There are 2 protein chains.
Amino acid sequence: MHRSSFAKSLADLKSRGVRLTPQRQMILRYLKETHEHPTAEQIYHQVSQEFASISMATVYNTLHRLTELGVIRELSYGDMSSRYDGNDSEHAHLVCEVCGKVADVPCPPIERFTSPELFAHGYAVGSYRLEFYGHCPDCQQSGAGQRDSELN
Amino acid sequence: MHRSSFAKSLADLKSRGVRLTPQRQMILRYLKETHEHPTAEQIYHQVSQEFASISMATVYNTLHRLTELGVIRELSYGDMSSRYDGNDSEHAHLVCEVCGKVADVPCPPIERFTSPELFAHGYAVGSYRLEFYGHCPDCQQSGAGQRDSELN
DNA sequence: ATACATGCAAAGTATTTGCAATAAA
DNA sequence: TTTATTGCAAATACTTTGCATGTAT
């Protein structure tokens, strides 16, 4: 038996002296338990059900703080709101350009696609992002495809 | 001698029946000639010098159209405005998280990092994006680092 | 000639901020 | 008790839209 990813992150944050308000715990738990890559809006909606008075400002505050602390990831896109990912292990994403759904895919270790030219620029690289864009199975069959709003 | 990337794209668009207004040509030329990955604002500013009456709406319209046509790429980020890339060949980016500067890096062919799991999801993948985040040489030495606004 | 692009100003959306009230440590 | 976080409302930043005018083909 191993502790949930949520419990692990929580302990980690506590040991780092991060203040753990109920709001933060709920947001973190939700992100660690879902695989949905929700938007701030969806997180707000979800967490509101248990904690009615929470505000969007707190949701955004918390998401930034957790991202900065490295326990979640922010995925930003040009034409839709950012999505948040509780899976902090190394992986890539499959993004549906029609409905916005995001799926996780395993990803080769970073060394696989780093080149000497990369280092030649002298950047101190801390992280990377690999994403594939396309149409998900649902949106391929339903000719027109559902909008970003409907499912995902 | 080979035709400039701009001339090539222009001919390509013409043959595809795309209406080539002076505004569009200027924006496209600028993007094909710079390696700066400018924002919409920067493009507007630059093109305004030759074509004073151009509007932001036209800049955005054009950027979307050109992206859709596949001759440029849009790079969106969470905390700053999108940047546009006239280099339509396969490559990755090095992004400075301090000043926002974006550099091109060669990138292995897509097959190098696709896995069976990727296909198992059934997505029809059309494109991908690979980005490395870190601190550029300039921002590493200048301890505090310049802000997104200053240089890049 | 005509469909499509432009430019303006107004609207929209996502996200951020200031600040007084509140609660975690 | 102290200092960071919350929640509200107002503000900002970026991007999009409606519509009358203009223009590339």
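Quantities reported herein were computed from a predicted structural model and do not represent experimental measurements. Order of the sequence lines sets the chain letters (A, B, ...), proteins ahead of strands, with each chain counted from 1. Side chains are part of it too, since the values below use all heavy atoms of this structure and drop only hydrogens, waters and symmetry mates.
- Across all strands shown, B/Gln23 has heavy atoms under 4.0 Å from sugar-phosphate atoms exclusively, and none from any base.
- Listed nucleotides: D/dT5, C/dG7, C/dT17. Nearest to the side chain of A/Ala57: C/dT17.
- When the side-chain nitrogen and oxygen atoms of A/Arg24 are compared with OP1 and OP2 of D/dT5, one or more of them lie within a distance under 4.0 Å.
- Remark: P of D/dG7 and CG of A/Asn61 are 10 Å apart, rounded to the nearest angstrom.
- Each of B/Pro22 and B/Met56 was assigned the nucleotide of DNA chain D with the nearest heavy atom; the assignment lying further toward the 5' end belongs to B/Met56.
- Contact between the side-chain N/O atoms of B/Thr21 and the OP1/OP2 oxygens of C/dC4 is not found at any separation under 4.0 Å.
- The closest side-chain donor-acceptor pair between B/His91 and B/Asp85 falls under 3.5 angstrom.
- The CD1 atom of B/Ile43 sits 14 Å away from the C1' atom of D/dT15 (whole-angstrom rounding).
- Residue B/Phe51 is classed as a sugar-phosphate contact, given heavy-atom separations below 4.0 Å to backbone atoms only.
- Side-chain atoms of A/Glu131 and A/Tyr77 include a donor-acceptor pair closer than 3.5 Å.
- Criterion: ILVMFWY side-chain heavy atoms under 4.5 Å apart, direct or through other members. Under it, A/Met56 and A/Leu31 are part of a common hydrophobic cluster.
- Following rounding to the nearest Å, B/Arg83 (CZ) and D/dC14 (P) show an atom-to-atom distance of 11 Å.
- Atom P of nucleotide D/dT6 and atom CG of A/Leu63 are separated by 11 Å, given to the nearest angstrom.
- The side chain of A/Ser55 contributes no N or O atom lying less than 4.0 Å from OP1 or OP2 of D/dT6.
- For the pair B/Arg65 CZ and D/dT16 C1', the computed distance is 17 Å after rounding to whole Å.
- Between C/dT16 and A/His64, a contact under 4.0 Å exists linking OP1 or OP2 to a side-chain N or O.
- Classification of B/Asp12 and B/Arg16 as a salt-bridged pair holds, one side-chain N sitting under 4.0 Å from a carboxylate O.
- Look at B/Ser81 and you'll find a side-chain N or O under 4.0 angstrom from OP1 or OP2 of D/dC14.
- Closest to the side chain of B/Tyr60, from the set C/dT17, C/dT6, D/dT15, is D/dT15.
- The base of C/dA25 lies outside donor-acceptor range of the side chain of A/Arg19, with no N or O pair under 3.5 Å.
- For D/dT15, one of the phosphate oxygens OP1 or OP2 lies less than 4.0 angstrom from a side-chain nitrogen or oxygen of B/Ser82.
- B/Glu74 places its CD atom 10 Å from the C1' atom of D/dT15, with the value rounded to the nearest Å.
- Comparing C/dG7, C/dT17, D/dT15 against the side chain of B/Ala40 picks out D/dT15 as the nearest.
- As a whole-Å value, the separation of A/Gln25 CD from C/dA24 C1' is 11 Å.
- A straight line from CG of B/Leu13 to C1' of C/dA5 spans 15 Å, rounded to a whole angstrom.
- Residue contacts for A/Thr39: at a heavy-atom cut-off of 4.0 Å it reaches no nucleic acid atom on any strand shown.
- Under a cut-off of 6.0 angstrom, the local environment of NE2 in B/His135 is sparse, with at most 12 non-hydrogen atoms contributed by other residues, nucleotides or ligands.
- Atom NE2 of A/His35 is surrounded by 12 or fewer heavy atoms from other residues, nucleotides or ligands within 6.0 Å.
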